[in-house]
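Heads up, the thing below is written out as structure tokens.
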2 protein chains.
Amino acid sequence: MAEASGAPSAEERRREAETWFRALRDSICAALERIEDEADGPNADRAPGRFVRTPWRRPEEDGRDAGGGVMAVMRGRVFEKVGVNVSTVHGTFSEAFRAQIPGADRDPRFWASGISVVAHPCSPLVPAVHMNTRHIVTAKAWFGGGADMTPTYPDAQDAETFHGALREACDRHGADYYARFKAWCDEYFYLPHRQEARGVGGIFYDYLDSGDWAADFAFTQDVGRALLAAYPGIVRRHMDAPWTDEQREYQLVRRGRYVEFNLLFDRGTQFGIRTGGNTDAILMSLPPVAKWP
Amino acid sequence: MAEASGAPSAEERRREAETWFRALRDSICAALERIEDEADGPNADRAPGRFVRTPWRRPEEDGRDAGGGVMAVMRGRVFEKVGVNVSTVHGTFSEAFRAQIPGADRDPRFWASGISVVAHPCSPLVPAVHMNTRHIVTAKAWFGGGADMTPTYPDAQDAETFHGALREACDRHGADYYARFKAWCDEYFYLPHRQEARGVGGIFYDYLDSGDWAADFAFTQDVGRALLAAYPGIVRRHMDAPWTDEQREYQLVRRGRYVEFNLLFDRGTQFGIRTGGNTDAILMSLPPVAKWP
């Protein structure tokens, strides 16, 4: 299909996407640091947390640059551990993966850029959250991602706030998006061996290529904005409330289930670990402490 | 091959193996409870731990009994969490697994009995240990298993004691067993994404069918006896020594690696979880608490 005059080139699209993921990272880090400043609960005697950024490079392929990323991690008084990673990588898929990736059978080269956020709060009353969006370019090009929330103690109002923001983002872009992507999320974040969901869900989408790049990119941006719209308020609702040792213990057991999902089932983790991805960045999602008592 | 007169029948072999795994379970539980009684270190004010046994049944297949097992777990003052599981299960492999299991292409029925031990001590100075042996019968029949040790702080004398006991067990049964099974262990218990071994190794063997069932069974028994010969002494050498908060913290980080191995790579865990095995029994191996700080 010929591009309309004035439409961004392939190179411009990649640059736009990468720039967005970095800008979103900055907004999310700033929003979570503001929460650290405001905290007036059980850990108020501690200093507010700040993100520490660590850049990393992917090993070169045949002597050529293969991209890299920046891990941003904060260990704070509201957020026991929160990681916000951005990366932009490129290279050539190994033989083993060409059959699995759309477009890679025709041309094994790829370019991928994305953002990944996982927040594990100190308080068992504050839900953990995950958001990831990405743009992948092979002989094809598509967006993927999603956001889901994992409370230790599910709360109807929090769930309504979270799902509501994602629904709004979806409804702006496709009449069937919310129903489809919510169901996809529920199916994806399920632990069959426990017969339970990872949390209260959210949305999950992949291989999104409607034929209108700008629209797909705008939707992906709105997913990031939905997290910013919903999650800080949910955190503030609960962060200053005291919690009991029993609640903390239960949180650590529930975090064990989070570890089980990420290591046993999460396709991104399995893919990254088995293809020589950056281990620290991939396993940033694991909680700071978890129990299997 | 016709069986020699007086050789045990297939049914007698299964009964002998199952009886051994149960007897070994009793010996191991008794040995570890004796250690709990003797403890005179940092947790001496606590009551000695005792194993609690919980039987479980596999869901029936087509209305027929499919076997089950007994989990034995102790949460003590030397052993923060130790599980000793025995199980004897039987049934029919699903289509998906028939190609992967020796003999199952000819006849999908199977019988399997085994013991699994994982000990996570309270003290970072006492090594964790794992031992598992099993007898599996399809159209073929074989033994498999092994034992390996995971210290937080490797100690040359402990490693010599542990490896020495396994070497003795191997040398009694096959001139090349120790070299082969030690190398297999080092290869199996390796975390590629961390570029590190899970611990100091031990032995690992599978599909052992030398043609002499009695000899293979005797070897498998000796692997269990080697654990009993080596591990209690290693525990006693260190269990009463005080440890620092830094050492405890490092132990919990190392336990995170143990979780990573078991959930990302261990074939038994992946197989069990994906084939509807008993989740509590399979994940008994996970440490009581682990950190990814």
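The structure presented is a predicted model; accordingly, all values stated were derived computationally and were not measured. Reminder, nothing fancy here: chain letters follow the sequence lines and each chain counts from 1.
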* Structure fact -> Counting heavy-atom pairs under 4.5 Å with chain A, the top scorer among B:I273, B:L264, B:V289, B:T269 is B:L264
* Asked: Are the side chain of B:T279 and the backbone N or O of A:H193 linked by a donor-acceptor pair below 3.5 Å?
  -> yes
* Looking at A:H120, A:E260, A:M284, which one has more heavy-atom pairs under 4.5 Å with chain B than the rest? -> A:E260
* Structure fact -> Counting heavy-atom pairs under 4.5 angstrom with chain B, the leader among A:P287, A:G256, A:P192 is A:P287
* Asked: Side chain, backbone, both or neither: which part of A:L283 has a non-hydrogen atom closer than 4.5 Å to chain B?
  -> side chain
* To do: Could you look at B:N278 and say if it's the side chain, the backbone, both or neither that has a heavy atom under 4.5 Å from chain A?
  => neither
* Asked: Got more than 12 heavy atoms from elsewhere within 6.0 Å of CD, B:E196?
  -> yes
* When you look at CZ of A:R53, are more than 12 heavy atoms from neighbouring residues, nucleotides or ligands closer to it than 6.0 Å? -> yes
* To do: Using a cut-off of 6.0 Å, state whether more than 12 heavy atoms not belonging to B:R109 lie near its atom CZ.
  => no
* Asked: Relative to chain B, which segment of A:R255 carries a heavy atom at a distance below 4.5 Å: side chain, backbone, both, or neither?
  -> neither
* **Separation of B:F261 CZ from A:L263 CG (nearest 0.5 Å)** => 12.5 Å
